[in-house]
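Working notes, beginning with the structure itself.
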Amino acid sequence: MFASITSWPPLGQTTVIPTDNKSIHFTVLLETALNKSSAPEDIEVKLWHNHTSSGEWEDAVLRHERDPGNTQLSVDANPATRTRRWYRLELPLVHTNSPTSFTVKFKTASQSGWRWVRDQTNVADGQLLFHKTLPSHDLSNFFDGLSTDLKITTPRCETPDTLLYSIALTVDASNGVHSGQGRAKLGYPTDSTRWFALVRLWAPWLAPRQGQGKFEIDKDAVLLSFLRSDGYHVVLLALSGVRDVTTLLVHDQEGNVCIQGRNDGEERGIARVLVAIAESFEIANSAVMYEARKIVMTNPDTTEEIEAQLQKYSIPPKPQWFEDWYDGFTYCTWNALGQDLTEQRILDALEDLKNSDIVIENLIIDDNWQSNTEGATQFERGWNEFEANKQGFPHGLKSTISKIRTRYPNIKHIAVWHAMMGYWGGVSPKSELAKRYKTTVVDIDLSVIKGPRTVIAASDITQMYDDFYSFLSSCGVDSVKTDVQFYLDQIVSAPSRRALITAYQDAWTLAQLRHFSARSISCMSQSPSVLFHSQIPTNRPTIPVRNSDDFFPEIEASHPWHIFCNAHNSLLTQHLNVVPDWDMFQTSHPWGSFHAAARCVSGGPIYFTDFPGKHNVELIGQMTARTADKGKRVILRPHRTGKTISAYAGYKDPALVKVGTYVGYARTGTAILGVFNCLENDFGEIIRLKDFPGAEGGEYIVRDFAGGVSEPMLPEHKASVVHVSLKRRGWAILSAHPVKTFAQRHGETKVALLGLVGQMTGIAGVLGHDVYMEDTGRIRIWVNLKAVGKLGVWVSNLPEKSVDENVMVLIGGTPIKREAVAVSKSCDRVLEVDYEMLWTRDQQSDKAKAFTWGNEVSLEVFIS
């Protein structure tokens with residue numbers, strides 16, 4: 001009988017109740033297996049909780065809503081095999097000094113006893129926290145046992161209602177080859193219920209960690225947050241990359257937070273940690289990141305040197321529309337063609353894409369095109385010269401690029417891969433490069449590398465990068481993917497670190513700005529010195545930066561973790577001057593649509609790396625759209641970085657991963673929530689409309705990409721929820737579209753613009769729109785779109801109207817054919833305008849085109 005039970009507030013998680021709430025609204029959805037042979041039994045459901053003035057546990061009956069209304073949208077993995085019952089309860093808010101715990105139990109009339117949800121699902125009790133008045137603003141109230149070695153100041157904060165602290169630890173100067181070290185106890189986090197950290201998974205990558213109770217992490221942390229029992233969030237950021245100091249957050253055996261500093265400088269340095277306390281994680285997180293940017297950008301070693309050197313170049317960076325680089329659909333050779341890379345294999349892969357009618361705009365020629373020494377592994381091979389290796393590219397790199405551009409004119413940008421310090425094994429000491437440029441020998445602290453490595457010296461690195469990128473430009477290459485940047489942070493000796501870490505970053509920044517106008521991808525660069533020195537300043541163009549460890553197609557367990565990791569890493573990278581890049585993936589892979597949906601809501605670029613002949617063309621069509629002028633394929637990238645909305649929910653916790661993003665302006669834009677089941681079993685949740693990022697004020701309808709649409713909802717209404725039940729590997733993309741209401745002659749009409757309904761983030765294809773009622777009483781919808789597709793418009797009373805008599809659609813002032821306008825098969829309140837059909841016919845016709853298709857498409861929809 002029992003299938004599943006879902007609640008809000010959620011069981012097994014911690015929820016903070018705002019201070020202005022007068023009561024707590026509980027919603028429970030009980031799903032039972034459909035039994036056609038017998039009548040369904042009534043089921044009694046009770047809340048078991050300790051939200052009482054005495055703290056004692058008691059029952060509360062949840063009311064069965066036999067007609068809960070149609071505002072809810074249900075995205076259900078098993079809709080045909082289950083019946084759903086909604087239950088609600090409102091508890092008055094009781095002032096208590098302790099968190100509230102609760103669970104649910106239920107029984108039918110034929111049962112003799114109660115059944116507990118925990119016994120049925122193994123999901124623990126839910127926990128509620130309530131905002132209280134903050135204690136004294138003294139930091140010792142938040143950390144017990146503050147070290148006297150720490151200097152604490154309170155800088156002016158850029159976010160409202162936030163406490164901000166700057167904590168400085170003096171670190172000794174380096175001594176010979178040894179870096180100076182410093183460590184001090186910040187203290188034990190008081191009243192902590194849950195914690196979240198971004199740790200150094202290994203040298204190049206960050207990854208999330210979550211826990212409850214005693215603070216213990218398996219890796220050093222860069223970002224750390226504690227959720228207190230009074231509902232406040234305490235966020236800590238370890239600042240690095242300033243004056244040769246690296247700072248990390250660690251713990252001791254007692255669960256204290258400790259500050260660890262490393263100083264490569266010749267004078268004493270400062271390890272700095274920023275702490276912010278606010279009612280929301282996002283506000284506190286923003287506060288420490290804003291302050292970090294101010295510190296980095298006022299440090300003369302970071303900005304003045306770059307600006308001074310830029311003035312020396314005779315050719316300034318070229319102005320570009322950078323969305324060309326971000327938004328073009330991109331093919332990468334790495335997983336598909338691997339390290340056995342040759343010119344012919346690249347050409348064969350591109351011919352396969354052409355034959356499959358897959359149009360790409362960008363190509364990344366990944367690892368193994370370079371000329372390197374022999375070696376058993378890539379880590380033992382050193383870089384020889386600028387030119388490509390003769391075995392795979394017998395006529396040189398320029399010949400290969402020329403063939404690609406001649407045969408495949410749709411490819412606008414071609415990038416090549418290279419490592420920050422040459423190749424995985426550095427530079428060959430016997431190479432032409434070593435003869436041309438001054439070199440130095442460094443030790444890299446990495447288990448796969450044994451012995452010293454030769455690299456270009458700091459005195460020549462700017463010239464080397466200038467010469468290298470000049471060579472690439474002369475070959476027709478116009479962009480780069482610069483990998484293995486973490487090597488800089490793994491240099492062992494203090495003098496080498498002091499000389500090379502900043503010099504290499506600045507040389508690369510200057511070269512890619514000058515030669516490629518910021519068309520570059522930074523990879524394996526989440527080491528602290530690079531994060532803060534190169535990626536947080538805003539005095540340079542924004543570039544894509546890899547946001548997590550790689551896509552590993554053959555490792556089953558890596559796929560849900562990849563999405564979970566990226567969603568949490570974005571909590572930090574959203575504040576950097578970067579476009580988070582969630583890495584390439586394969587469209588024909590069993591997890592292909594899971595990855596595709598995640599890339600669409602990430603707010604970053606989309607790269608695919610399909611094996612020749614193995615493509616999911618339908619999935620590619622859902623991720624991308626063609627432009628009207630040249631038919632190039634672009635992605636529809638949301639305007640904000642996609643990030644988790646639940647920082648403290650761990651990877652194994654009973655929760656769906658919810659990635660929030662947004663398109664448009666505040667209050668008039670569309671909130672998007674990508675929902676992913678990263679668990680090993682089917683799972684469901686109730687999600688409130690008010691949890692969609694940016695959904696505030698006015699009515700919204702929520703649309704599932706699969707086609708389901710809710711009735712209009714108000715964010716503040718307790719019944720404004722979405723139920724999402726997903727199978728393993730399951731995903732959903734939900735969009736909350738603002739509704740406009742018009743009083744017409746025969747009643748009220750509500751309208752919401754849905755964007756391109758065939759694409760996962762189709763609302764991002766809208767460049768501009770206006771919805772208003774004319775003096776005649778006719779509703780006019782004007783939409784300007786960046787690509788062709790099927791435009792969707794939700795109309796509340798569309799079933800009462802005739803498309804023939806009440807709807808007219810124009811392109812460029814010319815009515816379009818009636819066959820291109822229809823009511824959606826998935827929802828009778830959605831009007832679909834299939835102008836892609838008209839565009840396709842025009843492209844295939846030798847006769848005069850019906851319309852003049854420009855770079856953008858403007859549609860007008862009139863509803864009378």
Side-chain angles (χ1 to χ4, degrees), residues 69-73 663-664 667-672 689 695 697-715 720 722 734-759 762-766 768-785 789-811 815-838 857-864:
N70 297 315
T71 56
Q72 295 94 352
L73 172 66
V663 173
R667 294 183 177 271
T668 61
T670 296
I672 299 175
L689 174 60
E699 286 187 310
Y700 294 81
I701 55 111
V702 177
R703 178 179 180 267
D704 172 29
F705 172 64
V709 182
S710 74
E711 289 290 318
M713 301 181 182
L714 291 168
S720 296
V722 178
L734 308 172
S735 301
H737 303 276
V739 173
K740 279 196 170 185
T741 302
F742 302 96
Q744 291 185 293
R745 182 181 304 172
H746 298 292
E748 194 175 68
T749 300
K750 299 181 182 232
V751 176
L753 182 66
L754 306 180
L756 302 180
V757 293
Q759 279 67 41
I763 192 65
V766 177
H769 72 280
D770 194 10
V771 183
Y772 62 92
M773 191 165 67
E774 297 177 326
D775 294 339
T776 60
R778 184 174 64 171
I779 296 171
R780 178 180 182 265
I781 305 159
W782 170 82
V783 191
N784 192 33
L785 297 131
K790 187 180 290 185
L791 178 69
V793 180
W794 179 86
V795 183
S796 61
N797 54 5
L798 186 62
E800 304 165 19
K801 296 181 182 292
S802 164
V803 173
D804 290 326
E805 297 179 7
N806 300 112
V807 176
M808 182 173 66
V809 182
L810 308 179
I811 295 182
I816 69 173
K817 295 180 180 179
R818 170 65 178 79
E819 62 183 312
V821 185
V823 176
S824 171
K825 295 178 180 178
S826 59
C827 178
D828 64 0
R829 299 187 180 192
V830 173
L831 183 72
E832 294 181 345
V833 181
D834 190 359
Y835 65 100
E836 183 175 22
M837 175 180 67
L838 305 176
V857 180
S858 290
L859 287 170
E860 292 174 284
V861 180
F862 297 92
I863 302 172
S864 62

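Heads up: numbering here begins at 1 and tracks the sequence.
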Minimum heavy-atom separation for I672 and S735, please, with both atom names. CG1-OG, 3.9 Å
Before giving the answer on side chain to side chain contact (heavy atoms under 4.5 Å, CB included), spell out for E699 and T741 the whole-Å C-alpha distance, their side-chain angles and the decisive distance to 0.1 Å. CA-CA 9 Å; E699 286 187 310; T741 302; 3.8 Å; yes
Of all the heavy-atom pairs spanning A743 and M773, show the shortest one and how long it is. O-CE, 3.5 Å
So, K740 side chain and L753 main chain: donor-acceptor pair closer than 3.5 Å or not? no
Picking from V757, I701, L831, what satisfies side chain to side chain contact (heavy atoms under 4.5 Å, CB included) with W794? I701
Looking at every heavy atom in both A752 and P738, which two are closest together, and how far apart are they? CB-O, 3.5 Å
Could you work out, with side chain to side chain donor-acceptor pair (under 3.5 Å) as the rule, every residue matching D775, not counting sequence neighbours? none
Roughly how far apart are L810 CG and S858 OG, rounded to 0.5 Å? 11.5 Å
Going from OG on S826 to CG on D704, what distance comes out if it is rounded to the nearest 0.5 angstrom? 9.5 Å
Under the salt bridge (charged side-chain N to carboxylate O under 4.0 Å, His left out) test, residues paired with R778 that sit two or more places apart: E774
With heavy-atom distances below 4.5 Å as the criterion, would you say the side chains of E711 and K750 are in contact? no
Give the minimum heavy-atom separation between G697 and P715, together with the two atoms involved. N-CG, 4.1 Å
Taking S710 for its side chain and L73 for its backbone only, find out whether a donor-acceptor pair lies under 3.5 Å. no
List the steps, then state whether side chain to side chain contact (heavy atoms under 4.5 Å, CB included) holds for T749 with V795. CA-CA 7 Å; T749 300; V795 183; 3.9 Å; yes
Minimal heavy-atom distance between K801 and S864, with the atoms involved, is NZ-O, 3.0 Å
What do you reckon, is CD of E748 surrounded by more than 12 foreign heavy atoms closer than 6.0 Å? yes
Counting C-beta onward and ignoring hydrogens, is there a side-chain heavy-atom pair between K817 and M837 closer than 4.5 Å? no
How long is the straight-line distance from CD1 of I816 back to CG of L838, given to the nearest 0.5 Å? 5.5 Å
I'd like to check R818 versus V803 (side-chain heavy atoms, cut-off strictly below 4.5 Å). Are they in contact? yes
Measure the spacing between CE of M713 and OH of Y700 and express it to the nearest 0.5 Å. 12.5 Å
Quick one: closest heavy-atom pair of F705 and R703, and the distance? O-NH2, 3.7 Å
Please check if the side chain of S720 supplies one atom and the backbone of L714 the other of a donor-acceptor pair under 3.5 Å. yes
Is there a side-chain contact between L859 and V809, using heavy atoms and a 4.5 Å cut-off? yes
Flag the pair K790 and E836 as a salt bridge only when some basic side-chain nitrogen lies within less than 4.0 angstrom of an acidic carboxylate oxygen. no
The residue among V857, I781, V783 that forms side chain to side chain contact (heavy atoms under 4.5 Å, CB included) with L791 is V783
